[in-house]
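Every value quoted in this text rests on a predicted model; they were computed, and no experiment measured them.
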Amino acid sequence: MGKIYSNIDDRLKTFIENQRIFFVGTAPAGSGGHVNISPKGLDSFRILGSNEVAYIDYVGSGVETIAHLRENARIISVREERSQY
């Protein structure tokens, strides 16, 4: 189940910094178009503060991520925490 955090504490910062792959999700503002989920990585994500992050959006198969961001400035970062068995 997904979680929403109000800020990035030290525990969450360590978790994020140890992830080599992450995903970003965007969508158009209206009902037209579709949700775009893109894999990211290559050491492109940085934590700038407790409520601010940045990443380099390398061009892949298209420009949907940046098009959606220019339209509505909404984006999510998705990471996976795996349990050790």
Side-chain angles (χ1 to χ4, degrees):
M1 181 57 74
K3 294 181 183 178
I4 297 175
Y5 296 93
S6 61
N7 67 334
I8 300 171
D9 61 18
D10 289 338
R11 183 194 65 77
L12 190 54
K13 181 178 179 186
T14 299
F15 170 74
I16 291 170
E17 290 175 341
N18 287 320
Q19 301 290 304
R20 294 297 118 212
I21 297 173
F22 62 99
F23 297 84
V24 295
T26 60
S31 60
H34 58 276
V35 173
N36 179 51
I37 305 294
S38 298
K40 305 294 179 186
L42 301 174
D43 196 32
S44 63
F45 196 89
R46 295 290 182 270
I47 298 171
L48 305 177
S50 65
N51 290 301
E52 188 176 21
V53 299
Y55 82 97
I56 298 171
D57 191 22
Y58 295 105
V59 176
S61 61
V63 295
E64 288 181 283
T65 301
I66 193 63
H68 292 158
L69 288 173
R70 287 181 177 161
E71 179 184 0
N72 60 36
R74 296 182 305 186
I75 189 170
I76 62 165
S77 174
V78 180
R79 291 154 190 283
E80 180 181 14
E81 183 172 14
R82 293 180 180 238
S83 299
Q84 293 192 13
Y85 296 98

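- Taking a cutoff of 4.0 Å between a charged side-chain nitrogen and a carboxylate oxygen, Lys40 and Asp43 do not qualify as a salt bridge.
- In this structure, the separation between CD1 on Ile76 and CD1 on Ile4 is 9.5 Å, given to the nearest 0.5 Å.
- Taken from NZ in Lys13 to CG in Asp9, the straight-line distance is 11.0 Å, to the nearest 0.5 Å.
- Taking a 6.0 Å sphere around CG of Asn7, one finds it holds more than 12 heavy atoms contributed by other residues, nucleotides or ligands.
- To the nearest 0.5 angstrom, Ser38 atom OG is 8.5 Å from Ile75 atom CD1.
- Considering all non-hydrogen atoms of both residues, Val53 and Ile8 come closest at CG1-CD1, 3.6 Å.
- Counting heavy atoms of neighbouring residues, nucleotides and ligands inside a 6.0 Å radius, atom CD1 of Ile21 does not exceed 12 of them.
- At least one side-chain heavy atom of Val24 sits less than 4.5 Å from a side-chain heavy atom of Tyr55.
- Side-chain contact between Arg79 and Phe15: present, with at least one pair of heavy atoms (C-beta onward) separated by less than 4.5 Å.
- Of the possible donor and acceptor atoms, none in the side chain of Glu52 sits under 3.5 Å from a partner among the backbone N and O of Ile47.
- Considering OG1 of Thr14 and CD of Gln19, their distance stands at 11.5 Å, rounded to 0.5 Å.
- Among all heavy-atom pairs drawn from Leu48 and Ala54, the shortest one is CD1-CB, 3.8 Å.
- Note that CD1 of Ile66 is 9.5 Å distant from OG1 of Thr26, once rounded to the nearest 0.5 Å.
- Pairing each heavy atom of His68 with each of Pro28, the nearest pair is NE2-CD, 3.4 Å.
- Connection of Ile56 to Val78 is not established within any shared hydrophobic cluster, with ILVMFWY side chains joined at heavy-atom distances below 4.5 Å, either directly or through further cluster members.
- A 4.5 Å side-chain heavy-atom check between Phe22 and Ser44 finds at least one atom pair inside the cut-off.
- Rounded to the nearest 0.5 angstrom, Leu69 CG and Asp57 CG are separated by 7.5 Å.
- A donor-acceptor contact under 3.5 angstrom links the side chains of Thr65 and Asn36, judged on distance only.
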